[in-house]
Amino acid sequence: MNYWLVKTEPGNYSIQNLEKDGTCVWDGVRNYQARNFLMQMKVGDTALIYHSVHGKEIVGQSLITSEYYPDPTDESKKFMCVDMKFISKFTKPYSLDMVKTNPKLSELRLLKQSRLSVMPVSQSEYDEILKHV
DNA sequence: GCCAACGTTGGC
DNA sequence: GCCAACGTTGGC
């Protein structure tokens, strides 16, 4: 069981969209490091959903429901996607500012690699975030 | 294989 | 809207 954080621009696809859809294909990743993390995802893992640009907060979580497979939106056939299912939308989103000021979250890759869109999160970090949402 | 040029992301 | 950071592309 592993924990992840995935980023999305809510103008493109938001937690509200995922809540309404129930499930989605997490496609569109076009970065090798992010792809490599996607390829490590297993069915049953959970992912925090982060709204970048407009929001800058962790807004909910999803359940990974498939292993990786070729991203149908990628004509080069180099990139992968996974399926995921809505779990919850947080009543109190966990903001980027809260991440920055919480010493327990100082190692989150979100802070160090601001452009990485799929990243692993440790269980203790995941639990720390869930305590406050 | 290096690296300059370029494009994109995302915080501010 | 700006721009720093960073990933990718392509000429050499």
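The structure displayed is predicted, hence computed values, not measured ones. Naming: A, B, ... by sequence-line order, numbering from 1 per chain.
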Discussion item. Output the rounded distance in Å from CZ (R30(A)) to C1' (dG7(B)).
Written reply: 16 Å

Fill in: Rounded distance [0.5 Å steps], CG in D83(A) versus CE in M41(A)
11.5 Å

Discussion item. At a heavy-atom distance below 4.0 Å, what parts of residues 48-62 of chain A sit against DNA chain B?
Written reply: Y50(A), S52(A), V53(A), K56(A)

Fill in: d(CG, L110(A); C1', dC12(B)) in whole Å
15 Å

Worksheet entry | Rounded distance in Å - CG (L111(A)) to C1' (dA5(C)) | 15 Å

Item to complete: Supply the atom-to-atom distance I64(A) CD1 to M1(A) CE, rounded to the nearest 0.5 angstrom.
Response: 9.5 Å

Discussion item. Within residues 3-16 of chain A, which residues have any heavy atom lying less than 4.0 Å from an atom of DNA chain B?
Written reply: K7(A)

Fill in: Distance-only polar pair, side chains of N2(A) and Q40(A), donor-acceptor under 3.5 Å
no

Worksheet entry | Distance, nearest 0.5 Å, that separates CD of Q61(A) from OH of Y3(A) | 9.5 Å

Worksheet item: How many angstroms lie between atom CD of E57(A) and atom CG of D97(A), to the nearest 0.5 angstrom?
Response: 10.0 Å

Worksheet item: Within this structure, what is the CZ-to-P distance between R109(A) and dG10(B), rounded to whole angstrom?
Response: 15 Å

Practice prompt. Take the protein atom NZ of K112(A) and the nucleotide atom P of dG7(C), then report the distance between them rounded to whole Å.
Written response: 15 Å

Response to the item:
Taken to the nearest whole Å, CE/M119(A) to P/dG10(B) is 9 Å

Worksheet, complete the sentence: To the nearest angstrom, the CD-P distance between Q33(A) and dG7(C) comes to 7 Å

Item to complete: Quick one: do S14(A) and N17(A) satisfy side chain to side chain donor-acceptor pair (under 3.5 Å)? Show the steps, please.
Response: CA-CA 5 Å; S14(A) 68; N17(A) 292 127; 3.1 Å; yes

Item to complete: Quick one: pull up CZ in F90(A) and NE2 in H132(A) and give me the separation to the nearest 0.5 Å.
Response: 12.0 Å

Worksheet item: So, for L18(A) and S62(A), which heavy atoms are closest and what is the spacing to 0.1 Å?
Response: CD2-CB, 4.1 Å

Discussion item. Under a plain distance cut-off of 3.5 Å, with no hydrogens placed, do T73(A) and R30(A) share a side-chain donor-acceptor pair?
Written reply: yes

Worksheet entry | Most 5' of K78(A) and R115(A) on DNA chain C, judged by nearest nucleotide | R115(A)

Discussion item. Between P on dT9(B) and CD on Q113(A), what's the gap in Å once rounded to a whole number?
Written reply: 16 Å

